[in-house]
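What follows is a single structure, written as structure tokens, with notes after it.
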Amino acid sequence: MTDVASSLEALAKRLAAAVEAANDEQALEAARVRYLGRNGEVTAIRRSIGRLAPADRPGAGKTINDAVAAMERVLDERRAGLAARDVEAALAHRIDVTFPAQPPALGTIHPIRRVIDDACAYFERHGFAVVLGPEVEPDYYNFDALNIPPGHPAREGFDSFWIDDTLLLRPHTSPMQIRTMQMHKPPIAIVAPGRCYRRDAVDARHLFQFHQIEGLLVDRGIHFGHLKGMLTGLCRTLFGAYQEVRFRPSYFPFTEPSAEVDTTCPKCTGHASACSMCGGSGWIELGGAGMVHPNVLREVGYDADAVCGWAFGFGAERLALVRYDVDDIRRFVDSDPDFLEQLGTIS
Ligand code: PHE
């Protein structure tokens, strides 16, 4: 065998190994350039022809051309193989009709919306109407008409976002008591859910934007027992049949007597002394309630000797904390889909 033929044979073997090892188009092209490219190894062999006897040159030229053609076929075959492999991979991914279908990602109703809806539904079943009102209110509806005149210390307790001297973002839903009574004569039976705003520092129990559900019942002969019954029923509907509810004496200018309403802590169910959720008290506060103050009834033109009523305002986030056993209120506004999805499966 001539020198040319034997170096071509060795070169073809190395090329074949490189082609075999090439796993993509780029590696293949690198191999081609290295062996068959203008400055590649075959070119070096071609140049060596000049040193042969003139009679041997045409034969050597043909040997080189044949070897190059063979090597190009090896490259082409591999290129076609790689391309077919890629197409196959793509197709396998796209049109495997036997592949199990992906279940569609369904949204869930936000836990705050759900407690509000369920609380409203409970009251609607008892003959209450659901009413909605503005989030920007004059101080008259937020305070004056609720027996909190200018300068009254209770105004401070509501830490409000003021828009100008008289307008503010409502810090509670109680303005809806006034708006409803101004528009309708007794009997009144309404619930008013909605957003409220207070300049509170955000922590595990507080948001500066939150939701309340207000309730108001006014008629002849209404008493505190009705209030206790309705709110205990609400908690048992939302949280379960054995849920306890506690009324603690308190003060609100627009109710007399007034109470703060607590329910059993879902985490320790009232038994643990070092519970992180309720601080060991066994109770979670839901909001305030009481018998509507006669001054409030008089303000809207009602006869406070003929009719009376009760009102309450519960924090919707508090209801959701207890219902879903969540220990940080901020989780409700984090928009974490895993968290929301998980709660979405709890009834
Ligand atoms: N509006 C009161 C608050 O936000 C709660 C409340 C409503 C209390 C109705 C009594 C009656 O603190």
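In each ligand, atom 1 is the first atom listed, and ligand 1 is the first ligand listed. Position 1 is the first residue of the sequence; numbering continues from there. Not measured: the values here are computed from a predicted model.
Close contacts of ligand 1 with Gln177, meaning ligand atoms under 4.0 Å from a residue heavy atom, involve 9 (C). Per-residue contacts place Gly313 under 4.0 angstrom from the following atoms of ligand 1 (heavy atoms of the residue considered): 6 (C), 7 (C), 9 (C). For ligand 1, the atoms lying closer than 4.0 Å to a non-hydrogen atom of Glu214 are 7 (C), 9 (C). Close contacts between ligand 1 and Thr255 involve ligand atoms 10 (C), 11 (C) [criterion: under 4.0 Å to a heavy atom].
Looking at every heavy atom in both residues, Ala119 comes nearest to Leu238 through N-CD2, 4.1 Å. Here the shortest heavy-atom pairing between Asn142 and Leu146 reads O-CD1, 3.2 Å.
In this structure, Arg199 contributes its side chain and Ser160 its backbone to a donor-acceptor pair below 3.5 Å.
Ring geometry for Trp310 versus Phe128: interplanar angle under 30°, hence parallel rather than tilted (30 to 60°).
When heavy-atom distances to ligand 1 are checked against a 4.0 Å cut-off, Phe312 comes that close only through its backbone atoms N, CA, C and O. In Arg198, the part holding a heavy atom less than 4.0 Å from any atom of ligand 1 is the side chain. When non-hydrogen atoms are compared, ligand 1 lies under 4.0 Å from neither the backbone nor the side chain of Cys196.
No heavy atom of Ser258 sits closer than 4.0 Å to any atom of ligand 1. Using a 4.0 Å heavy-atom cutoff, Trp310 is absent from the residues neighbouring ligand 1.
The ring of Phe123 has its center closer than 6.0 angstrom to the ring center of Phe312. A distance below 6.0 Å separates the ring centres of His172 and Phe158.
In the hydrophobic clustering of this structure, Leu216 groups with Phe143; members are Ile, Leu, Val, Met, Phe, Trp, Tyr whose side-chain heavy atoms approach within less than 4.5 Å, directly or through other members.
An N or O contact shorter than 3.5 Å links Ser174 to ligand 1 by distance. Taking any N or O of Gln212, backbone or side chain, at least one lies under 3.5 Å from an N or O belonging to ligand 1.
In terms of protein heavy-atom proximity, atom 2 (C) of ligand 1 is nearest to Phe254 CZ, 3.8 Å.
The side-chain tip of Arg14 does not point at the ring of Tyr35 from less than 6.0 angstrom away and within 45° of straight on.
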